[in-house]
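Encoded as structure tokens, the structure appears first; notes follow it.
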Amino acid sequence: MSGVVPKIRLSGVCKAFGDKVVLDGIDLDVPARTSLVVIGGSGSGKSVLLKCILGLIEPDAGKIEIDGRDVLRMPREEQTRARAGIGMLFQNGALFDSLPVWENVAFGLLAQGKIARREARERAGEFLEQVGLAASVGDLSPAELSGGMQKRVALARAIAARPDILFFDEPTTGLDPIMGAVIDGLVVDCVKRLGSTAVAITHDMASARRIGDQAAMIHKGKIVWSGPAGRLMDSGNAMVDQFTHGRREGPIQMELRR
Amino acid sequence: MTSILDSVAAIGRAVIGACRTTGALAVFAATGLSHIFRPPFYGRMFAAALLEIGYFSLPVVALTAIFTGMVLALQSYTGFARFSAEGAVANVVVLSVTRELGPVLAALMVSGRVGAAMAAEIGTMRVTDQIDALSTLSTDPMKYLVAPRLLAGIVAMPLLVVVADILGVLGGFIVSTLKLGFNPGNYLTKTLDFVQTMDVVSGLVKAAVFGFVIALMGCYQGYNSRGGAQGVGAATTSAVVAASILILAFDYVLTEMFFAR
């Protein structure tokens, strides 16, 4: 570990659900203004890792530091404040279907009580335009949008409070390749524009290379490789190579019953 | 010997599970209630819940009350005729409706309509990550989703029961005067002379407790639902069943508190 304090540092983070160990001593540093992509198979613990950092799941052991401060040992109100600087794009968008699109986008701003509803409506239009949607989309309900539009609205919501840290959970899942590339482009633009630190988890190798500066692979609750995202396809690590090339044979054995 | 131990272990697991659920429900209720009194307050969410529980339940509660009053008058008349006490119909109707049938039947109907809807809505939010999304947007889901519904349940149910009381008595009045030949003036005088403030107040207190129970079970089951559409379905069923049983149990406890000598 270098002398520079990373934006996010995880040390020995463990989490089990009953007998099933999901995170088994995760150590991971994410330097400020870096985009880290975490890859790994289904059920390898990627989403749990993000939820632990977000405070949605409490780890059983270990330390999670944001800007050098251990969030797990902060008083609850301070934890909430520390995590208020994190924006999250959920896998399925997680838009509030009882609210119109504009209120979804401006939800964080309204929740913090910083702006009035009329101003929030205008700001939501600006954020929608930043993700390539017309401001008029704000009047629709989330159910009226296509999957790609929902993802873009969710991205607008995630960036609306200008977070220091952005998390992306499978940003391109369920989208066609072109829309996936559009979303990746928007993600990169937003991260650059805000100067944020980003962590994305994905199965999509094209997306991983587009979004990430750095990459790490998680397998059976441990980080088994980390390095530059550009080296994902020729990492020299047998597990990463098997995963990124989608080979059946290799050190990762799928638990299939025949 | 092994089978006996297995049976004891199964009973033990069930008891521990019941204790755990009761404890979790008590903590959930206390947390939800505490958020009613601590800012920020979500007035829009409260107004929406009030409209859903109160206004949109009016037709079903009104129909239930009016038919209950009508049946009650008819049953009382034919039953009491066996010992020549037909004159007590007005007293029986007003007493039964205000103390018991108004609040209990209204609550059971609202439980089926609103408790299920709350569990389904919050359950869907849970399984589609919307509740997690609230947390990431500086919003406490207990404060935003649960507290306004609990308060709306407590406020709306007594208002519904006022309507149910009036319509229940009206149902009895219609049958008694149009079918059973009672004098309208005498019937109303008898009703108003007989009913006491405590009869109505006890019914309204019951209604507030039932409203809380309905909202609590809807929110609790939805909030803790797991496993996609099937989990949401199970949460919806559990919310209605648990609320209905708790309504009947609390009805006995409150009746004991108000009227036992």
Side-chain angles (χ1 to χ4, degrees), chain A residues 17 47-48 50-58 76-77 79-100 103-114 117 120 142-143 150 153-161 163 165-170 173, chain B residues 13 16-17 20 27 31 34-35 38-52 56 114 117-149 152 218-219 222-229 232:
Chain A
F17 296 100
S47 295
V48 174
L50 279 196
K51 287 186 174 180
C52 283
I53 304 172
L54 278 166
L56 301 173
I57 293 176
E58 197 174 337
R76 199 172 170 76
E77 281 172 15
Q79 265 188 35
T80 309
R81 227 173 296 135
R83 283 169 170 144
I86 304 177
M88 170 84 181
L89 173 64
F90 285 85
Q91 186 174 349
N92 56 12
L95 297 176
F96 307 126
D97 40 26
S98 59
L99 300 177
E103 220 170 325
N104 266 280
V105 174
F107 195 93
L109 298 172
L110 288 165
Q112 289 167 7
K114 288 179 180 166
R117 285 180 71 79
Q150 287 189 8
V153 172
L155 178 60
R157 183 175 72 179
I159 61 170
I165 299 170
L166 275 163
F167 287 164
F168 304 101
D169 187 354
E170 308 275 4
T173 295
Chain B
R13 271 196 298 275
I16 290 169
R20 192 178 288 148
V27 170
T31 311
S34 75
H35 281 299
R38 287 185 288 150
F41 304 112
Y42 294 100
R44 281 171 180 271
M45 294 302 286
F46 171 67
L50 198 63
L51 205 65
E52 184 59 39
F56 292 119
V114 175
M118 272 185 200
E121 186 182 353
I122 296 177
T124 304
M125 290 185 75
R126 166 63 73 196
V127 301
T128 56
D129 290 333
Q130 291 179 51
I131 292 182
D132 285 347
L134 280 175
S135 301
T136 65
L137 292 164
S138 311
T139 303
D140 187 333
M142 288 295 288
K143 196 177 277 298
Y144 183 76
L145 294 174
V146 179
R149 286 173 167 83
C219 292
Y223 204 85
N224 291 291
S225 65
R226 293 281 182 276
V232 175

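Not measured: the values here are computed from a predicted model. Computed from heavy atoms alone, side chains included, the values below leave out hydrogens, waters and symmetry copies.
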Could you tell me which residues satisfy side-chain contact (heavy atoms from CB on, under 4.5 Å) with [X], sequence neighbours excluded, listed by chain and number?
| X | answer |
| --- | --- |
| B/L137 | A/F96, A/F107, A/R157 |
| B/T31 | B/V27, B/H35, B/M142 |
| A/V48 | A/K15, A/F17, A/V22, A/L23, A/C52, A/I57 |

Of all the residues in residues 39-50 of chain B, which have a heavy atom that comes within less than 4.5 Å of a heavy atom in chain A?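 When heavy atoms of chain A are the reference, residues 39-50 of chain B contributes B/R44 within the under-4.5 Å range.
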
How close do [X] and [Y] get, heavy atom to heavy atom, and via which atoms?
| X | Y | result |
| --- | --- | --- |
| B/Y144 | A/L99 | OH-CD1, 4.0 Å |
| B/Q130 | A/A94 | CG-O, 3.8 Å |
| A/A84 | B/S138 | CB-OG, 3.8 Å |

Tell me, for [X] versus chain B, whether the close heavy atoms (under 4.5 Å) come from the side chain, the backbone, both or neither.
| X | answer |
| --- | --- |
| A/A161 | neither |
| A/L109 | neither |
| A/L56 | side chain |

Which distance, rounded to the nearest 0.5 Å, do you find between the OG1 of B/T124 and the CG of A/D97?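 Those atoms lie 7.5 Å apart.
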
CE of A/M88 to OG of B/S135: how many Å apart, nearest 0.5 Å?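 Between A/M88 CE and B/S135 OG, I get 11.5 Å after rounding to 0.5 Å.
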
For a 4.5 angstrom cut-off between non-hydrogen side-chain atoms, does A/F167 reach B/T136?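 No - every pair of side-chain heavy atoms lies 4.5 Å or more apart.
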
Chain A heavy atoms under 4.5 Å from B/L134: which part of the residue, side chain, backbone, both or neither?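 For B/L134, backbone and side chain are both near chain A.
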
